[in-house]
Amino acid sequence: MKGTIVKCLQELVKEKFGQDKWDAVVAKVPDMPKVILSISDIDDSKAMKAIQATCEVLNITLEQAADAFGEYWMTVYAPKNYPVFFNKNKTAKDFILYMDRVHDTVTKSMENAHPPRFAYEWKDDKTLLFNYSSQRNIIVIAGGLIKGVGKYFNEEIKVTKLSESQLEIVFS
């Protein structure tokens, strides 16, 4: 996993809950790098342990962590670090439909990047079936990110997990 994911998690925990909580998270993850760079590679098992440890330390569910991460990623971290992807889209729907292209671009420009891939099917004019494909099988994070897209664009979005590979997104 790219370091940018863990770096965002670190910033979120430190900003919202304090350095002591992040220190407690790191204490639960053996061999977690002391310095996390956005472009570094973090072993998937360590990144997943950091997410699990965050849930334990903050006494929250994985879904709550995914929602907090998605909101922070979309409203604070990514706009600051990757503004080019935000300048191209004016609505939540446009951004969500653009997400696979973002990952395609990242895959080509960042060594060892293996982001999830997305495919889309329209159920009706307001309902999108979002198909998720990843070796990591953490669709809950994708759901949190999509909810974060709604917050970034100040739009109401309802996200329902249909399976381990599909979300239903309803736009208002």
Side-chain angles (χ1 to χ4, degrees), residues 1-17 19 21-22 25-26 29 32-51 54 58 62-120 128 130-159 161 165 167 169 171:
M1 191 174 289
K2 292 320 261 178
T4 195
I5 303 300
V6 179
K7 180 122 180 99
C8 177
L9 181 65
Q10 175 189 41
E11 286 184 19
L12 164 66
V13 172
K14 287 168 65 173
E15 182 180 311
K16 302 286 184 182
F17 303 99
Q19 179 70 46
K21 295 294 185 188
W22 180 250
V25 168
V26 172
V29 185
M32 177 60 87
K34 298 290 181 220
V35 176
I36 300 168
L37 302 175
S38 297
I39 59 169
S40 57
D41 292 316
I42 304 289
D43 183 82
D44 281 357
S45 65
K46 286 182 188 161
M48 296 307 296
K49 284 179 184 171
I51 294 167
T54 300
L58 300 179
L62 179 56
E63 186 172 347
Q64 289 170 318
D67 287 353
F69 178 85
E71 181 175 339
Y72 191 82
W73 177 274
M74 289 303 304
T75 62
V76 178
Y77 188 85
K80 173 179 66 179
N81 290 290
Y82 310 105
V84 68
F85 297 120
F86 289 80
N87 297 336
K88 294 183 178 205
N89 300 285
K90 302 297 179 214
T91 68
K93 187 186 298 185
D94 291 343
F95 192 92
I96 290 166
L97 292 170
Y98 185 67
M99 285 171 63
D100 191 63
R101 279 183 264 159
V102 169
H103 282 174
D104 185 48
T105 301
V106 167
T107 301
K108 290 176 183 171
S109 65
M110 194 178 282
E111 190 176 323
N112 293 322
H114 305 286
R117 298 305 306 264
F118 312 122
Y120 314 96
L128 179 67
F130 182 91
N131 298 297
Y132 166 91
S133 175
S134 172
Q135 63 192 25
R136 295 182 184 100
N137 297 318
I138 47 174
I139 194 168
V140 67
I141 302 291
L145 289 166
I146 290 168
K147 291 173 190 173
V149 171
K151 294 200 185 286
Y152 178 83
F153 288 98
N154 199 27
E155 295 179 27
E156 191 110 1
I157 296 176
K158 182 180 176 205
V159 180
K161 179 180 161 188
S165 63
L167 300 170
I169 305 167
F171 300 93

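Just so you know, these numbers use all the heavy atoms, side chains as well, and skip hydrogens, waters and symmetry mates.
- Looking at Met99 and Tyr120, their side chains come closer than 4.5 Å, going by heavy atoms from C-beta outward.
- By the 4.5 Å heavy-atom criterion applied to side chains, Leu9 and Tyr72 are not counted as neighbours.
- Counting only heavy atoms from C-beta outward, the side chains of Trp73 and Leu12 never approach each other to under 4.5 Å.
- The CD1 atom of Ile36 sits 10.5 Å away from the NZ atom of Lys46 when rounded to the nearest 0.5 Å.
- In this structure, the side chains of Tyr152 and Phe86 come closer than 4.5 Å at one or more pairs of heavy atoms.
- The shortest side-chain heavy-atom distance between Ile169 and Lys158 does not fall under the 4.5 Å cut-off.
- Considering all non-hydrogen atoms of both residues, Gly150 and Ala92 come closest at CA-CB, 4.4 Å.
- With hydrogens and angles ignored, the 3.5 Å screen pairs a side-chain donor or acceptor of Thr75 with a backbone N or O of Glu71.
- Looking only at side-chain heavy atoms (C-beta outward), Leu58 and Lys16 stay at 4.5 Å or farther from each other.
- Within the model, atoms CD1 of Ile157 and NZ of Lys151 stand 10.0 Å from one another, a figure rounded to the nearest 0.5 Å.
- Between Lys93 and Phe153 there is no side-chain heavy-atom pair separated by less than 4.5 Å.
- Closest heavy-atom contact between Pro33 and Ile42: CG-CD1, 3.9 Å.
- Between Glu11 and Lys80, at least one side-chain nitrogen of the basic residue sits less than 4.0 Å from a carboxylate oxygen of the acidic one, meeting the salt-bridge criterion.
- The side-chain heavy atoms of Phe118 and Leu97, taken from C-beta on, include no pair separated by under 4.5 Å.
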